[in-house]
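Pasting a structure here, questions to come.
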There are 2 protein chains.
Amino acid sequence: MSRKPMVRPGGRSARVQASVHAAVHELEAEVGREALTVPLVATRAGVTPSTIYRRWGDLQELLSDVAVERLRPETAPEDKGSLRSDLEAWAEQFLEEMAAPTGRAYIRDALLGDPDGSNAGQCSAYAAEQIAVILDRAVGREETTPDAETVLDRVVAPMMYRILFRPDGLDTAYARQLVAGLVGSTDH
Amino acid sequence: MSRKPMVRPGGRSARVQASVHAAVHELEAEVGREALTVPLVATRAGVTPSTIYRRWGDLQELLSDVAVERLRPETAPEDKGSLRSDLEAWAEQFLEEMAAPTGRAYIRDALLGDPDGSNAGQCSAYAAEQIAVILDRAVGREETTPDAETVLDRVVAPMMYRILFRPDGLDTAYARQLVAGLVGSTDH
DNA sequence: ACCTTAAAGCAAATACGTTGCTTCAAGTGC
DNA sequence: GCACTTGAAGCAACGTATTTGCTTTAAGGT
């Protein structure tokens, strides 16, 4: 983490962190991401601005932390019975979530307020974990599977590239097409 | 463009734009990107801060414009005699430039101050142009060629993904490997 | 040469970000 | 359980950045 929420695990610091994160969520919904400022968040959270500046450095790093928290997947990928359909389902859901305006905003925030790259690395790690689960499952079924790096290169990277650099005309068919290109489009 | 340098093409506005961009370049070199502020740039450029705020909105959007300008390729990709070697040479150079700290900073700036995605889209368009040149040349040689979209998905996107999300351990071998995966690694 | 009108300059008011110092309370040793 | 240590939060004052209304300049059109 940028300026380490390695807070004392329980107690006042934890309460401050929680209320600041909650304030960011509330205010994003109420006034929009553009209108967020540190003093505004601080007031809502019931802390002084200097507390936020000292713990997070600036608004971008705070938003980056919040974004990573929100990008963490909540559930294991669904088991659809085959590698191909597992990957398709996961990729479609990933693309839907990430390509939505709110998802793109989180990705950008995670990337941008992140001088050392650790938050961005965390995002990639989340995707890699999900993929590893899918691949393990496929190995258990004795399917032939690509390795995780290949899935990142062939499925995740193209989706991310388009989300960030060419946000127009993205739909779930694109996700399926990428998966098909990787596992072969013969069966279904 | 974020706040449109669709300036009156010649005259004072153009001079202001040029001197502001020049000031950014000079000051990046002199004091470093972190220390840039709007008033500092304005003073160096010989304009008032409010001029910059009104034209660009904020420092991030200004830096985003400057970054895109710098990411524009200056020369057509070199002709190495075959599709494979043209792509390899281009991808290696692209990766070297973009993965370097200064290149990553430009990419981040281009993405950052870019609410509507048009600057990011421009970056992708630059890459697409270069690739189109390479593919046209290959067609002229009567080689079989993938289409440009496929090259973006299979070569550009994975490089960008790693640059942004997993910046460690990138080297030109990775670029070659991606090209090999696309055009087949049989000949050379 | 004279209009029209974006865009730049100026200056005042506001808001943001930084910092030294003080106060609070979580975790530690007695 | 009590007091000690220490990291973190509060407070307040300062410097800088940002916003804004109004004025002035000069580019492009007639």
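Just so you know, these numbers use all the heavy atoms, side chains as well, and skip hydrogens, waters and symmetry mates.
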- When rounded to the nearest 0.5 angstrom, what is the spacing between CZ in R137(A) and NZ in K80(A)?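 Reported value, rounded in 0.5 Å steps: 11.0 Å.
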- Message: Strictly distance-based, threshold 3.5 Å: is any side-chain N or O of R154(B) a donor or acceptor partner for the main-chain N or O of R154(A)?
- Response: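 Judged by distance alone, no pair lies under 3.5 Å.
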- Message: Does the Lys NZ or Arg CZ of R166(A) fall within the cation-pi geometry relative to Y161(A) - under 6.0 Å from the ring centre and within 45° of the axis?
- Response: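 Here R166(A) fails the 6.0 Å and 45° test against Y161(A).
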- Distance below 4.0 Å between T48(B) side-chain N/O and dG9(C) OP1 or OP2: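 Indeed, a polar side-chain atom of T48(B) lies that close.
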- Message: Expressed as a whole number of angstroms, how long is the span from Q17(A):CD to dA26(C):P?
- Response: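 That distance rounds to 16 Å.
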- Would you kindly give the CH2-to-P distance between W56(A) and dA8(D), to the nearest whole Å?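 Answer to the nearest Å: 12 Å.
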- Query: Please give, in whole Å, the distance from dC16(C) C1' to I52(A) CD1?
  - Reply: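 Rounded to the whole Å, the gap is 13 Å.
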- Atom OG1 of T172(A) and atom CD of Q177(A): how far apart are they, to the nearest 0.5 Å?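 Output value for this atom pair is 11.5 Å.
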- Message: Please evaluate residues R33(A) and L63(A) with respect to the criterion side chain to side chain contact (heavy atoms under 4.5 Å, CB included), reporting the C-alpha separation (whole Å), side-chain torsions for both, the decisive distance (0.1 Å), and the verdict.
- Response: CA-CA 9 Å; R33(A) 207 196 139 282; L63(A) 292 180; 3.8 Å; yes
- To the nearest 0.5 Å, how far apart are CG in D109(A) and OG in S64(A)?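 Taking CG in D109(A) and OG in S64(A), the distance rounds to 7.0 Å.
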- Item | Which residues share a side-chain hydrogen bond (donor to acceptor under 3.5 Å, both in side chains) with R104(B), sequence neighbours left out |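 Residues passing side-chain hydrogen bond (donor to acceptor under 3.5 Å, both in side chains) with R104(B): none at all.
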- Message: Name the residue from V183(A), T150(A), L182(A), I131(A) that meets the side chain to side chain contact (heavy atoms under 4.5 Å, CB included) definition with V155(A).
- Response: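 When V183(A), T150(A), L182(A), I131(A) are each tested with V155(A), the side chain to side chain contact (heavy atoms under 4.5 Å, CB included) holds only for L182(A).
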- Item | Distance test, side-chain N/O of S13(B) to OP1/OP2 of dA7(C), below 4.0 Å |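 The answer is no; no side-chain N or O of S13(B) sits under 4.0 Å from OP1 or OP2.
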Could you go over nucleotides 16-20 of chain D and give all protein N or O partners under 3.5 Å, atom names and distances?
from: dA17(D); atom 1: OP1; to: T37(B); atom 2: OG1; distance (Å): 3.2
from: dT18(D); atom 1: OP2; to: Y53(B); atom 2: OH; distance (Å): 2.0
from: dT18(D); atom 1: O5'; to: Y53(B); atom 2: OH; distance (Å): 2.7

- Dot-bracket, DNA chain D: Watson-Crick or G-U, under 3.5 angstrom, [ ] crossing, | other strand? |||.|||||||||||||||||||||||.||
